[in-house]
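Single-structure report; data block below.
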Amino acid sequence: MKKEDQIVFVIDDDPSMRQAIKTLIETVGLKGETFASGQEFLQSALPDVPSCLVLDVRLPGLGGLHIQRELSERGIQIPVIFVTGHGDIPMSVQAMKAGAVEFLTKPFRDQDLLDAIELALERDQASRRQQVVG
Amino acid sequence: VADTGVGIPAAELPHIFERFHRIRDVRSRTHEGTGIGEERFRRYFELGLIGMAITSPTKGLIEVNDEICNILGYERSELLRMTWADLTHPDDLDADVAQFNRIVAGEIDGYAIDKRWIRKDGQVIDATISVKCLRRADGSVDYFVALLQDITEQKRAEEALQRAHEELEQRVIERTERLSAANATLIKEIVKRKRTEEELLALKDQLASELTAMTRLHEFSTQLLASTELQPLLDEILEATIAMLNADFGNVQLYNPQTQTLEIVTQRGFQQEFLDYFNRVHEGTASCGTALLRRERVFVEEVETDPSFASHLHIVAGAGYRAVQSTPLFSRSGEPLGMISTHFRQRHRPSECELRLTDLYARLAAEMIERKQSEEALRGKQQELQDFIENASIGMHWIGLDGTILWANQWELDLLGYEREEYVSHNIREFHADSQVVEEMLARLARGETLNNFEARICCRDGSIRYVVVNSNVFWKDGEFVNTRCFTRDITEHKRAEAELSRSEAYLAEGQRISRTGSWAVKFPSEEVFWSQEVFRIYGLDPATTRLSLEMAFGLIHPEDRPVVKETFERALREKTDYNVEHRAILADGTVKHLHVLGHSVLSKSGRITEYVGTVVDITERKQGEVLLRNAHERLEMILDSITDMFFAVDKEWRYTRFNKQAEEQLKVLGKDPASLLGKVLWDEFPNPPPEQALRRAMSERVSITYEHFYEPLGEWVENRIYPGPDGGLGMFVRYVTERKRAEEALQKLQTELAHVTRVATMGELTASIAHEINQPLGAIVTNGQSCLRLLARESPDINKSREVVERMISDGLRASDVVTRIRALLRRKDAEKALLNLNEVIQEVIALTSTELSKDEIHLQTAFAADLPAVLGDRVQLQQVILNLILNGKDAMSGVEWQPRELLITTLGSMPGEVLVAVRDSGTGIDPQDCERIFDQFFTTKSEGLGLGLSISRTIIESHGGRLWATPNEDKGATIQFTLPAG
């Protein structure tokens with residue numbers, strides 16, 4: 001699987017942060033696609049390629065945890081990495097329980113995010129293979 | 001076919017004889033034979049159709065049948081013994097014998113002969129006997145067969161026929177004779193008729209010519225009826241008369257009653273010389289003059305010998321006529337109208353018929369002339385009448401039953417300004433200003449009433465209204481309403497004058513009443529006194545019962561004033577001057593009135609006094625008013641002096657007019673003399689005083705202004721309240737307000753302090769959000785920095801991308817710095833500092849600080865900003881504090897709302913003039929209407945944390961900015977808190 005065929009989706013209401021994460025992702029040769037809100041992401045058609053989602057916890061309108069729940073309710077199994085301005089423990093626990101790959105607090109180390117993305121994409125590939133086999 | 005008289009046709013007889021022969025032959029041949037032929041014969045023989053006999057030349061009659069017996073009236077036996085000759089009338093016997101002998105002689109075989117027979121009874125009968133002989137072989141006669149037929153009847157009929165024929169012939173002859181006689185008469189008659197016809201034909205020609213003349217005459221009559229011109233008709237009549245009389249010349253003259261002469265109006269065939277000569281013909285001159293004199297036609301067969309022409313022969317010769325007839329024309333009443341004369345070149349005498357026709361023509365001409373003359377007279381009269389009607393200075397019109405104007409005279413049209421077609425045939429109702437009036441008029445007229453001086457108002461074409469009086473009645477014909485006869489008199493001027501007079505009288509009376517001025521007059525030497533209504537009113541007297549006189553007038557004067565007034569009046573009378581006096585009068589009820597009397601003398605040309613005219617003015621109130629005014633003035637002075645404020649007044653030229661006691665003392669403190677300042681100009685004494693602008697504005701705009709300032713020379717805050725005065729100047733109250741100012745400033749300080757404290761507290765609540773607000777750009781910066789390092793760490797560093805990333809880092813850094821700056825501004829403790837602000841921007845800055853706080857609670861914030869919002873004068877920080885409070889208040893109000901959209905709408909409006917409105921609307925739990933005011937109380941809070949000072953301090957801030965802050969529940973859900981601020 002080529003790196004550039006895989007997509008990292010980024011949802012953050014802050015345009016600077018969105019752009020920064022996208023730039024970071026692209027430095028390792030991954031393809032990044034950004035959304036300003038959960039609604040915008042949910043309305044877009046997802047390509048059938050290994051992918052993961054970098055999701056801001058606090059979003060106006062539909063919050064990050066809401067989006068995670070909505071995705072699983074819709075049967076969309078996409079690994080989620082949460083980022084937050086100021087995380088608290090109950091929130092991170094809730095996110096991890098719901099199957100999040102990682103929960104990062106801004107500002108985060110670049111390698112932490114990239115590692116999490118790598119892990120998430122591997123998981124996605126694995127689950128996709130399983131689906132095909134199974 | 002001749003009838004044999006016995007039913008056997010005569011033509012049959014030979015056949016019978018033939019048969020008889022054959023029977024005879026057969027009998028003879030067979031003789032004893034069969035007897036059948038015999039039998040058949042016998043039957044013929046005895047048939048009795050005809051008389052038959054067989055005779056032997058020798059033995060005579062040998063056989064006879066019954067019929068022959070019947071014819072001859074003999075018994076068979078008697079006959080058989082007789083001969084034919086016995087039976088034959090002796091006169092006819094010879095002819096028979098002759099025939100018989102011829103048979104015997106063999107010349108003939110038979111014969112038939114009519115002859116007379118003598119019957120046994122002696123009667124002679126006619127009968128035809130046919131005889132045939134049967135010969136023997138030797139030719140001798142064997143038998144004779146005779147057939148006898150009685151033809152007596154036939155004979156008789158023939159004779160009757162003969163007789164009838166003869167009679168007819170006789171009659172024809174007689175008739176023919178009679179007809180001949182008639183014919184002769186007829187011929188005579190025809191001849192006579194022919195003659196008459198010829199006479200009639202002759203008459204017819206004459207009649208035809210008369211008819212032509214009569215037709216002409218008829219045409220003239222027709223023309224007369226149709227034509228309005230006399231001259232062409234007279235021409236025609238003359239022409240016709242000349243033609244009818246076969247004359248050569250002719251003329252028609254008209255009689256001029258003024259000159260009593262005949263004057264030629266039309267002529268034919270005359271030279272000018274003749275016409276000039278007979279221009280005017282007097283009675284007795286020539287034929288026409290003679291006819292005029294005799295009042296009958298004159299015919300002159302030969303002018304040369306006629307005495308009436310004796311002296312005119314040279315002219316007559318020149319004209320070329322020898323005979324003349326003149327037929328006079330008379331009116332029906334016998335007045336001479338004119339003359340028709342016709343002239344003949346030869347001696348001439350017209351026929352009776354011609355003269356008769358001439359008379360007819362003359363009669364016609366006379367009719368025409370008379371008629372035309374009367375028509376002209378009538379037309380003249382009519383024109384006069386028309387002129388009278390159309391131009392009489394009174395409007396006239398006729399109206400039909402339905403109100404249609406049938407006719408109107410010119411004066412009425414001119415009066416109202418209408419063209420005829422705009423008025424006539426329209427309905428009168430269209431022109432009346434008052435429909436009730438016109439309806440009443442029409443109704444009364446329809447009832448047959450007469451309208452006398454009925455007032456109405458008519459609309460003129462130019463839109464003006466004219467007052468008219470109408471006099472009208474109806475022309476009835478056979479009980480039918482034909483038309484009205486309306487006369488319209490214009491009384492507009494009269495009305496106007498009347499109205500003006502009554503108005504000016506009313507004005508005068510009103511003026512006198514308002515001014516309490518009565519007018520009076522005394523005439524001299526009669527000493528007749530006249531008072532106006534107002535004088536009676538002033539003295540409280542009834543004009544109806546009061547008898548005016550000088551003595552009575554003096555009696556009304558207060559006894560104390562009476563001598564002076566009397567003296568003044570008498571002196572004025574003496575000196576013939578005007579006078580002017582004030583005195584008191586005592587009214588009937590004891591009231592005392594102050595009166596001011598003016599008198600003006602009116603002198604005659606000779607210098608005598610004819611009249612005094614003057615006025616009486618009731619000045620009681622003025623007198624009383626003067627006292628009241630004086631009292632009021634004094635009270636005012638007292639009040640002004642007793643108040644603690646200083647009072648200055650200036651007139652409109654800025655000259656001091658008044659100071660009160662306090663002001664005077666203040667002036668003295670300042671080293672000025674109050675008394676000498678009066679009348680001096682403010683600006684000269686106090687150049688550039690602090691309230692100068694306020695003073696000038698109050699003076700020019702006539703408004704009240706309050707102005708505060710710190711007055712350096714005294715070290716005091718001063719309040720100036722400036723009012724426009726009634727005299728066009730200004731009044732100014734001045735007081736020291738230093739104490740009040742200080743208290744206000746202390747309060748202000750306290751409020752600022754409080755605002756700061758609450759602001760800090762509020763910001764404390766926002767710490768977490770603000771941290772996020774800073775953290776966000778910081779996070780981006782860090783991530784970008786890391787990315788940048790990665791880009792640079794590559795074997796071939798991506799410099800371009802790195803630059804882009806670094807630029808973004810700088811921008812995020814600035815953003816974080818902005819947040820910090822704003823927070824610092826809000827937290828800074830400083831005094832209020834007012835500047836012109838755009839509220840939209842102010843609100844936008846607050847939103848930037850709170851967006852994180854709102855998104856944390858998943859609140860959707862919307863703004864609806866007025867694009868052209870007027871600026872307001874205010875303190876940025878304080879107003880931001882208010883907006884922050886309202887946003888956080890809205891957020892808090894929605895914190896308890898689950899499963900519903902949380903929406904916050906901030907609206908700015910500049911629609912009210914001089915005012916800006918900001919509204920913050922939430923979709924939260926709302927406010928109990930009872931709490932709408934309480935929420936602004938200090939320490940009122942529904943929250944567990946918080947001071948409960950947010951809305952309270954907000955209201956204080958807004959009010960200190962001259963605005964209002966209030967809350968209202970929304971119709972659906974949540975509440976709206978809004979404030980207004982005056983536009984800067």
Side-chain angles (χ1 to χ4, degrees), chain A residues 8 10-30 32 34 36-39 54-67 69-70 81-88 90-91 103-118, chain B residues 767-794 797-798 800-816 818-819 847-848 850-862 891 899 901-904:
Chain A
V8 179
V10 181
I11 306 177
D12 199 312
D13 63 321
D14 188 287
S16 299
M17 201 62 215
R18 238 173 17 234
Q19 189 59 45
I21 294 172
K22 186 175 193 267
T23 306
L24 180 63
I25 291 164
E26 283 168 355
T27 59
V28 295
L30 287 166
T34 59
S37 69
Q39 288 91 330
V54 177
L55 183 56
D56 191 5
V57 173
R58 188 168 297 169
L59 290 167
L62 215 52
L65 294 173
H66 254 123
I67 294 170
R69 195 164 59 235
E70 184 73 34
I81 300 150
F82 278 105
V83 291
T84 179
H86 49 114
D88 48 32
M91 200 186 280
F103 197 96
L104 298 170
T105 304
K106 294 181 208 173
F108 40 78
R109 289 197 322 115
D110 56 344
Q111 199 54 55
D112 290 350
L113 178 64
L114 295 172
D115 289 347
I117 288 171
E118 197 176 342
Chain B
T767 311
S769 293
I770 289 166
H772 180 78
E773 203 65 29
I774 296 170
N775 207 23
Q776 203 75 340
L778 282 180
I781 289 168
V782 170
T783 305
N784 277 326
Q786 289 165 345
S787 300
C788 191
L789 283 178
R790 282 174 184 275
L791 290 167
L792 292 171
R794 286 183 180 173
D798 191 339
N800 284 338
K801 187 74 180 172
S802 299
R803 182 178 292 122
E804 185 196 317
V805 174
V806 170
E807 274 165 5
R808 286 214 304 266
M809 288 163 70
I810 293 166
S811 148
D812 285 339
L814 288 173
R815 196 176 117 205
D818 276 353
V819 173
I847 289 171
T850 55
S851 60
T852 307
E853 185 72 16
L854 295 178
S855 70
K856 189 170 73 183
D857 278 9
E858 297 181 356
I859 289 170
H860 191 54
L861 175 82
Q862 283 182 302
K891 181 194 81 118
W899 313 116
R902 298 170 179 181
E903 286 165 353
L904 199 62

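Sequence lines set the chain letters: A, B, ... in the order given, protein chains first and strands last, and positions in each chain run from 1. None of the values given here were measured: they were computed from a predicted structure.
- For chain A, the nearby part of B:Asp812 is the side chain; its heavy atoms alone come within less than 4.5 Å.
- Counting heavy atoms from C-beta on, the side chains of B:Arg790 and A:Gln111 come closer than 4.5 Å.
- Shortest non-hydrogen contact noted between A:Ser16 and B:Arg815 is OG-NH1, 3.0 Å.
- Atom NZ of A:Lys106 is separated from atom CD1 of B:Ile781 by 13.0 Å, given to the nearest 0.5 angstrom.
- Residues B:Gly779 and A:Pro107 approach most closely at CA-CB, 3.9 Å, considering heavy atoms.
- Side chains of B:Glu804 and A:Thr23 form no contact here, defined as non-hydrogen atoms less than 4.5 Å apart.
- A heavy-atom distance below 4.5 Å is not found between the side chains of B:Val782 and A:Phe108.
- Residues B:Arg794 and A:Thr27 have side chains in contact (heavy-atom distance under 4.5 Å, counting atoms from C-beta outward).
- Only the side chain of A:Leu114 comes within less than 4.5 Å of a heavy atom in chain B; its backbone stays farther off.
- By the neighbour-count criterion of 12 heavy atoms within 6.0 Å, atom CD of A:Glu118 is sparsely surrounded, having that number or fewer from other residues, nucleotides or ligands.
- Note on B:Gly785, B:Ser811, B:Ala780: by heavy-atom pairs under 4.5 Å with chain A, the leading option is B:Ala780.
- B:Arg902 does not touch chain A: none of its heavy atoms, backbone or side chain, sits under 4.5 Å away.
- Residues A:Asp12 and B:Gln776 are in side-chain contact: their nearest non-hydrogen atoms beyond the backbone lie under 4.5 Å apart.
- Remark: B:Thr783 OG1 to A:Arg109 CZ distance equals 12.0 Å, nearest 0.5 Å.
- Note that CG of B:Asn784 and CG of A:Asp110 are 11.5 Å apart. Values are rounded to the nearest 0.5 Å.
- Interface remark: A:Asp112 contributes no atoms to any contact with chain B (heavy atom separation under 4.5 Å).
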